Each structure stands twice: as C-alpha cells, then as structure tokens.
Amino acid sequence: MKPTVAPYPTTRFRRLRKSAALRAMVREHTLTPDDFIWPVFLMEGTNEENAIASMPGVTRKTVDRVVLAAKEAYDLGIPAICLFPYTAMADRTEDCAMAWSPDNLTNRAIRAIKDAVPEIAIMTDIALDPYNINGHDGYVVDGEILNDETVEALVNMALAQAEAGADILGPSDMMDGRIGAIRAALESEGHTNVSILSYTAKYASAFYGPFRDAVGASGALKGDKKTYQMDPGNSDEALRLVERDLMEGADMVMIKPGMPYLDICRRVKDSFGVPTFAYQVSGEYAMLKAAASNGWLDENKVMLESLLSFKRAGCDGILTYFAPQAARILNG
Ligand code: PBG
C-alpha cells in the first residue's frame, strides 16, 4: 500500500530530522558487527604479514597471524571470517591437485582457527584459481574452461574443506551444476550441517583487480572469465541463477561485486526472501581507500555509508575488507 502524504505544511519531513534522537527513532536500517564477513588472505610461513599495494591496510597473513585475526574478529563481534590462500608457485599445477589436499594452506588454517577460536564461523572459497597454473577457476583445455570436469574437482575441494572443519562453503567458480554436486557429496559424506553460501550472481567484473594481486593471480591469468562469470548487462539472469542454486541446495546466496550491483541485491531479496549477501570487493575497497588517502573523502564516513547501502538494498550481510575497522567504530 502506498503511504499517503498530506500536503505541506501538514506534512513537514524535516520534523523527524530535527535531532539525532528523532533521526535514530525512525531510522529504517542500521549496521552492526554481525552484518560482516571478513575476507582474509593466507600465506605460507610463520609470524609474518605482507602488505598488498593495491589494498592499503590489508595484509597477507601466515596461519598463526590469521588465528590472531580470527580472535580479533570474534572479540569485535564479527561472526565469520572468509579464507583466501596466496599459494606457493609450486602448488599451482595443471591438475590443481593441491586444491583438495587436506594439508593445503586453507585447510591448515581452518584447523588452526577451529582449535583456537571455535566460536567463529569459518567460510572458504571454492574455485580452482589459487591452485591453477593459468589462474582460471576451472580446468582449461585448448583455451576452453571445462565445466563438468571442474565440478568434480570442486566437489573434492569442498569435501576436504568440510573435513577440515569449515562451517560455510563459498563456491565462487560459476560452473553450472556445482551447488547440486557439492550438496549431494556433503550429504553422502555426513557433512549434513555444512552450509553453502553460493557466489550465485558473480559478474565478470574489473573490480576484482586488487584481489587478483593479493592472491598472485594477476600475472598468471590469460584472457578473462567472461565464459563463466555473468555479463554485467544482465539482471533477470541473476534471478534464474538464484532459483537454480536454491533448488540445488544453497543455503545462502551472494551478489558480487556489491555497490555497482545493489539493484540485483534488491531484486533477489524481493523475489526470494532468502539470506542474501553482497561482496564489497577489492576494487570497491581500493577506490574508497585511495580517495580517502588523498583527503578527498572522509574514510570512516564513506565506509559506513557504503556498508549501510547494502542493508538498505536488502542484504542480510556484507563480505568486506573493512569489517574490523567498521566493527571498531560501531562498537564505539
Ligand atoms: C576467485 C575469486 C575472486 C574473488 C573472490 N574469489 C576473483 C575472481 O573471480 O577473479 C574476488 C574478490 C575481490 O575482488 O575482493 N574465485
């Protein structure tokens, strides 16, 4: 029903904006630390962190340092952390076998975090790119990204992560059929309570540039990911993908990137009413950081305003590199 608006001066919208108290009373959307999933980058070694030039303030961390980060996140009230490995060059091969090794970087980190901070939810990334010699999310043969063969590998990767103790699996590869295959394997192997947060509407976006630097994939990647990630011109297709992923067993869905795709967030939430997440990706983070470091934008203010926009667009939560910084402010 459309609300009625009596004409001025009966209605004066400024009445409810006149003080912080009144603005707070009628505010429709708010942010809390439990809206955040914090993506972190892993690397080999001990007690070390490396800066990522295109993502100021974000580092790659050794497993022991990621455990400290998980502890920090938990103390800040952030419910989940999401792991991305910067793999050694020797672990990147054509068959991507390291992707499902129980002892790969991600699986070692999962066990270490579960040991030290059992309360925090651990989310993973499922895609072959960190272990693939050519930087693609799937197997490449004669320049083609193979779908069904890749799905088999992704299932192995998912099972290894579930075995290590992951709570939430995040298939980010955009192969067809992967959610159903992963769900069936989880059920048959007894991992009935592992959830899937599907990267459902993942667009072939230039906003992932800094992330590819962070995981060392920029140099390796030949070509682009347009044959498997979505075309930025499409919106109806996102709804069909959400329906497909839900039917195949996804518990939650994601839209990625975030701010340039808030219209998709709104459509997905309105159409399905399922737990809906957006990923404020590396390029979005880099833009805000760059402008702030030039003194052109107020960093904390644009950070919180950008994160709030996701809530307004219907999202239940946001994957964001700003998670700890935003949580600190929200906690006062
Ligand atoms: C790879 C993956 C990417 C991101 C998350 N998982 C990059 C890509 O698809 O090339 C991007 C995250 C970001 O930009 O912050 N499977």
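For the single chain, residues carry numbers from 1 onward in sequence order. Counting starts at 1 for both ligands and their atoms, following the listed order. This one's a predicted model, so the numbers in the text were calculated from it and none came from an experiment.
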Closest protein heavy atom (residue, atom, distance) for atom 8 (C) of ligand 1: Lys225 NZ, 3.3 Å

Nearest non-hydrogen protein atom, atom 12 (C) of ligand 1: Phe211 CD1, 3.2 Å

Within the 4.0 Å heavy-atom cut-off, what Asp137 brings close to ligand 1 is side chain

Under 4.0 Å to a heavy atom of Tyr279 - the qualifying atoms of ligand 1, by number: 12 (C), 15 (O)

Donor on one side chain, acceptor on other, Ser54 and Asp213, under 3.5 Å: yes

Would you call the rings of Tyr199 and Tyr279 parallel, tilted or perpendicular, taking 30° and 60° as the class edges? tilted

Would Arg108 and Glu44 pass as an ion pair if we require N to O under 4.0 Å? yes

Taking the non-hydrogen atoms of Tyr285, is any one of them nearer than 4.0 angstrom to ligand 1? no

Per-atom contacts of ligand 1 with Phe84, taking only distances under 4.0 Å to non-hydrogen atoms: 5 (C), 6 (N)

Lys202: numbered ligand 1 atoms lying under 4.0 Å from its heavy atoms: 1 (C), 2 (C), 3 (C), 6 (N), 8 (C), 9 (O), 16 (N)

Does Tyr199 reach ligand 1 with a nitrogen or oxygen that is under 3.5 Å from one of the ligand's nitrogen or oxygen atoms? no

Atoms of ligand 1 close to Lys256 [distance to a heavy atom under 4.0 angstrom, numbered from 1]: 2 (C), 3 (C), 4 (C), 5 (C), 6 (N), 11 (C), 12 (C)

Salt-bridged, Glu72 to Arg328, with N to O below 4.0 Å? yes

Heavy-atom contacts with Asp125 under 4.0 Å: which atoms of ligand 1 show up? List them by number with element. 6 (N), 16 (N)

Any Gln280 heavy atom less than 4.0 Å to ligand 1: no

Atom indices of ligand 1, in the order listed, that fall short of 4.0 Å to a heavy atom of Ala127: 16 (N)

Quick test: of every protein heavy atom, which one is nearest to atom 14 (O) of ligand 1, and how far off is it to 0.1 Å? Ser282 OG, 2.7 Å

Decide, yes or no, whether a salt bridge links Asp167 with Lys114 under the criterion of side-chain N to carboxylate O below 4.0 Å. yes

Test of ring centre spacing under 6.0 Å for Phe84 and Phe211: yes

Which one holds for Tyr321 and ligand 1: side chain close, backbone close, both close, or neither close, with close meaning a heavy atom under 4.0 Å? side chain

Is the closest side-chain donor-acceptor distance between Asp64 and Thr46 under 3.5 Å? no

Would you call Asp251-Arg183 a salt bridge at under 4.0 Å N-O? yes

Of all the non-hydrogen atoms in the protein, which one sits nearest to atom 16 (N) of ligand 1, and at what distance? Ser172 OG, 2.9 Å

Test: Asp231 and Lys226 ion pair at under 4.0 Å: no

Judged by non-hydrogen atoms, does Gln229 sit under 4.0 Å from ligand 1? yes

Between Asp245 and Arg240, is there a salt bridge with N-O shorter than 4.0 Å? no

Under the salt bridge (charged side-chain N to carboxylate O under 4.0 Å, His left out) test, residues paired with Arg212 that sit two or more places apart: none

What is the closest protein heavy atom to atom 1 (C) of ligand 1, and at what distance does it sit? Asp129 OD2, 2.9 Å

